[in-house]
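See structure below.
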Amino acid sequence: MIGERNRIITIANQKGGVGKTTTAINLATALAAIGERVLIVDLDPQGNASTGLGIERRDRKLSSYDLLVGTHTILDTVQETAVPNLFIVPSTMDLLGIEMEISQESDRVFRLRRALAGAGAAAFSYILVDCPPSFNLLTMNAMAAAHSVLVPLQCEFFALEGLSQLLETVDQVRRSVNPLLDIQGIVLTMFDSRNNLAQQVVNDVRTHLGEKVYHTLIPRNVRVSEAPSYGKPAILYDLKCAGSQAYLQLASEVIQRERQRKAAA
């Protein structure tokens, strides 16, 4: 069973380019800034979360691949970042072959859950898992290990169509391997207030999903887009920009929802 020593939140969307990794990096940084001890597990073979936190590829001696094949633990693979209280298990291209390596194993969807139940994981109050932009064995492992899913959703025309597919996937995982999985929330990203369509998407998503949608809107922001090329979260790169301030607000909402969950338990 998934323990309650920490909160494991999978950040997922089957569609690419929705701000998933940007959300993982900056939400984690914001949580770390208010004193939470946070771990990112980078499960995307592209390794953008690792790069965006300044972890050079040559320095990724061990990675999330080693966690999933079971040769190493969290204690072995975790690395410090430049952000106090924020740590990462980086990704490497080795993950591209993981599906073929473990697809015949009976515990193939529980590899990450087992790793996060082992030594080292209890040191973190939040564990954020950054998934690839597809529903594959890596994403399945992330959802099987998590308490909840946070969904970044771009403010564009086909947003609701993609969201319905993702919610169906979460239901499938809940029925098959993780009955405790729920939706932590849906965060609307790349919002442009000058665009009438973007506002219509916001209205539609909130009409359909109500309180599941965070109040915070993450705006399109040049400074947020620039930050990864410097190996920094936007919150470190430019704290005062609109995108950084939005991610700080999102972190406050996540904390508030967690308090409400604990109070209701």
Side-chain angles (χ1 to χ4, degrees), residues 1-4 6-24 27-28 39-44 49 64 68 95 98-99 103 107-117 126-156 158-190 201-202 204-216 218 250 253-254 256-258 260-262 264-265:
M1 294 295 291
I2 301 170
E4 283 292 334
N6 45 39
R7 287 297 284 177
I8 304 170
I9 301 173
T10 286
I11 300 178
N13 193 319
Q14 289 144 294
K15 191 176 187 306
V18 299
K20 178 178 54 59
T21 297
T22 300
T23 296
L27 175 58
L39 174 67
I40 292 178
V41 179
D42 190 351
L43 276 196
D44 189 342
S64 52
L68 294 179
L95 281 176
I98 194 72
E99 195 141 354
S103 62
D107 66 343
R108 60 190 175 276
V109 301
F110 299 113
R111 294 298 185 93
L112 184 62
R113 181 191 291 190
R114 186 173 64 194
L116 295 181
Y126 284 92
I127 297 175
L128 306 185
V129 185
D130 188 32
C131 294
S134 60
F135 184 64
N136 57 18
L137 188 55
L138 291 169
T139 304
M140 190 75 164
N141 262 270
M143 290 189 180
H147 297 99
S148 60
V149 181
L150 188 151
V151 184
L153 191 69
Q154 187 176 356
C155 295
E156 62 166 24
F158 292 112
L160 276 174
E161 180 180 308
L163 179 61
S164 64
Q165 293 172 350
L166 181 59
L167 296 180
E168 184 177 321
T169 296
V170 172
D171 280 340
Q172 290 173 353
V173 172
R174 189 185 293 123
R175 290 194 300 268
S176 58
V177 297
N178 186 0
L180 301 179
L181 187 68
D182 66 9
I183 300 293
Q184 162 73 28
I186 294 154
V187 57
L188 294 161
T189 63
M190 303 182 187
V201 169
V202 171
D204 288 349
V205 173
R206 287 187 168 152
T207 296
H208 282 82
L209 293 160
E211 292 302 311
K212 285 291 184 187
V213 186
Y214 292 107
H215 296 295
T216 302
I218 308 298
L250 177 64
E253 281 199 74
V254 169
Q256 184 60 35
R257 289 194 181 194
E258 287 302 315
Q260 291 170 352
R261 179 192 62 80
K262 287 179 182 176

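This one's a predicted model, so the numbers in the text were calculated from it and none came from an experiment. In what follows, every heavy atom counts, from backbone to side chain, and hydrogens, waters and symmetry copies are set aside.
Between K212 atom NZ and L167 atom CG the span is 9.5 Å, to the nearest 0.5 Å. Distance CD/E168 to CZ/F135: 10.5 Å, rounded to 0.5 Å. Rounded to the nearest 0.5 angstrom, L180 CG and H147 NE2 are separated by 7.5 Å.
The side-chain heavy atoms of K15 and K20, taken from C-beta on, include no pair separated by under 4.5 Å. Residues L128 and L150 form no side-chain contact, since every pair of their non-hydrogen atoms from C-beta on lies 4.5 Å or further apart. A 4.5 Å side-chain heavy-atom check between V202 and C155 finds at least one atom pair inside the cut-off. Contact annotation: the side chain of V201 never approaches that of E156 to less than 4.5 Å [non-hydrogen atoms, C-beta and beyond]. Here the side chains of T139 and M143 are in contact, with some heavy-atom distance below 4.5 Å.
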Requested in this report: Check the pair N13, Q154 against side-chain contact (heavy atoms from CB on, under 4.5 Å), reporting the backbone distance first and the verdict last.
Outcome: CA-CA 10 Å; N13 193 319; Q154 187 176 356; over 6 Å; no
**Report entry** Verdict with supporting geometry, L163 and L209, side-chain contact (heavy atoms from CB on, under 4.5 Å)
**Finding:** CA-CA 10 Å; L163 179 61; L209 293 160; 3.1 Å; yes
Query raised in the report: Going through the checks in order, is the side-chain contact (heavy atoms from CB on, under 4.5 Å) test met by I98 and L137?
Result: CA-CA 8 Å; I98 194 72; L137 188 55; 5.6 Å; no
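Annotation for A12 and V149: closest pair CB-CG1, 4.2 Å, computed over non-hydrogen atoms.
In the displayed structure, Q172 atom CD is contacted under 6.0 Å by more than 12 heavy atoms of other residues, nucleotides or ligands. Under a cut-off of 6.0 angstrom, the local environment of CD in E211 is sparse, with at most 12 non-hydrogen atoms contributed by other residues, nucleotides or ligands.
With N141 contributing its side chain and A144 its backbone, the two residues share no donor-acceptor pair below 3.5 Å.
The salt bridge (Lys or Arg N to Asp or Glu O under 4.0 Å) test applied to R257 returns no partner, not counting sequence neighbours.
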